[in-house]
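To keep things clear, I will list the structure first and then write my remarks on it.
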Amino acid sequence: VFYSMHHLFLTKSGLYILVFDMRELLDQHTRNEAKTYLLFWLRSIKLHAPSVSIILVGTFLADIMEEKGKLQVIDKVLKELTKGSFAQIVVPDNGEFENLIFF
């Protein structure tokens, strides 16, 4: 029921935070489902609130920091997913992790 009615809760003003599990974007078994989920919400927000800002927030940082380069892999997946179609995404001004599209 929620998916069919979610647009009722999207307003044209405000700020949207889209939270995702970074582990799912790294796992080949769950990557496609995670990308589908992210695209669903990005498109819904763009359709119903085209001028609002969107912040992408990745969770489970401690679980993925064991190997170097994982954040860049996630960033590449997200950049390919959005391909400039979502100008309203707020890009962080990261000191330690430069040029990432997510927080």
Side-chain angles (χ1 to χ4, degrees):
V1 172
F2 179 72
Y3 281 100
S4 63
M5 298 183 64
H6 78 274
H7 66 278
L8 298 174
F9 302 103
L10 297 176
T11 63
K12 294 186 187 304
S13 62
L15 170 72
Y16 288 87
I17 300 174
L18 183 52
V19 180
F20 63 95
D21 185 338
M22 292 189 285
R23 299 171 304 178
E24 292 180 358
L25 288 177
L26 291 172
D27 186 339
Q28 294 296 328
H29 297 99
T30 58
R31 181 177 290 171
N32 285 337
E33 184 178 352
K35 287 168 50 175
T36 301
Y37 169 83
L38 285 167
L39 268 179
F40 171 82
W41 285 108
L42 286 168
R43 289 175 177 156
S44 293
I45 294 168
K46 186 175 181 177
L47 177 66
H48 298 288
S51 61
V52 300
S53 297
I54 302 172
I55 296 176
L56 299 176
V57 176
T59 59
F60 295 97
L61 178 65
D63 292 348
I64 67 159
M65 289 305 291
E66 297 167 358
E67 294 180 39
K68 216 171 189 163
K70 296 278 186 173
L71 291 177
Q72 286 71 24
V73 170
I74 294 166
D75 189 62
K76 182 179 177 186
V77 170
L78 291 173
K79 285 179 178 172
E80 288 174 0
L81 190 68
T82 57
K83 292 183 186 160
S85 299
F86 301 95
Q88 66 269 43
I89 293 176
V90 176
V91 179
D93 182 19
N94 293 326
E96 185 178 349
F97 306 110
E98 294 184 24
N99 300 320
L100 297 178
I101 195 174
F102 64 98
F103 288 86

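What's counted below: heavy atoms across the whole structure, side chains too, no hydrogens, waters or symmetry copies. Everything quoted here is computed from the prediction, not taken from an experiment.
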Any chance you could measure Phe40, atom CZ, to Leu18, atom CG, to the nearest 0.5 Å?
11.0 Å

CG (Leu38) and CG (Leu25) are apart, to the nearest 0.5 Å, by 6.0 Å

Could you pull out the closest heavy-atom pair between Glu80 and Lys83, with the gap in Å?
O-CG, 2.7 Å

Value for CH2 (Trp41) from CZ (Phe20), rounded to nearest 0.5 Å, stands at 16.0 Å

Do Phe60 and Leu26 come close enough that some side-chain heavy atom pair is under 4.5 Å?
no

Euclidean distance, Met22 CE relative to Lys70 NZ, rounded to 0.5 Å
11.5 Å

Inter- and intrachain pairs under salt bridge (charged side-chain N to carboxylate O under 4.0 Å, His left out), touching residues 46-64, at least two apart:
Arg23-Asp63

Nearest 0.5 Å please: distance from the CG atom of Leu47 over to the CG atom of Leu42.
12.5 Å

Among Thr82, Ile45, Ile17, the one residue meeting side-chain contact (heavy atoms from CB on, under 4.5 Å) with Ile54:
Ile45

Any residue meeting side chain to side chain contact (heavy atoms under 4.5 Å, CB included) with Leu39, in chain and number order, not counting sequence neighbours
Arg43, Leu81, Phe86

Calculate, to the nearest 0.5 Å, the distance between atoms CG and CG belonging to Asp75 and Leu56 respectively.
10.0 Å

Which residues satisfy the side chain to side chain contact (heavy atoms under 4.5 Å, CB included) test with Thr59, sequence neighbours excluded?
Val19, Asp21

Quick one: do Leu78 and Leu61 end up in the same hydrophobic cluster if we chain Ile, Leu, Val, Met, Phe, Trp and Tyr together by side-chain heavy atoms under 4.5 Å apart?
yes

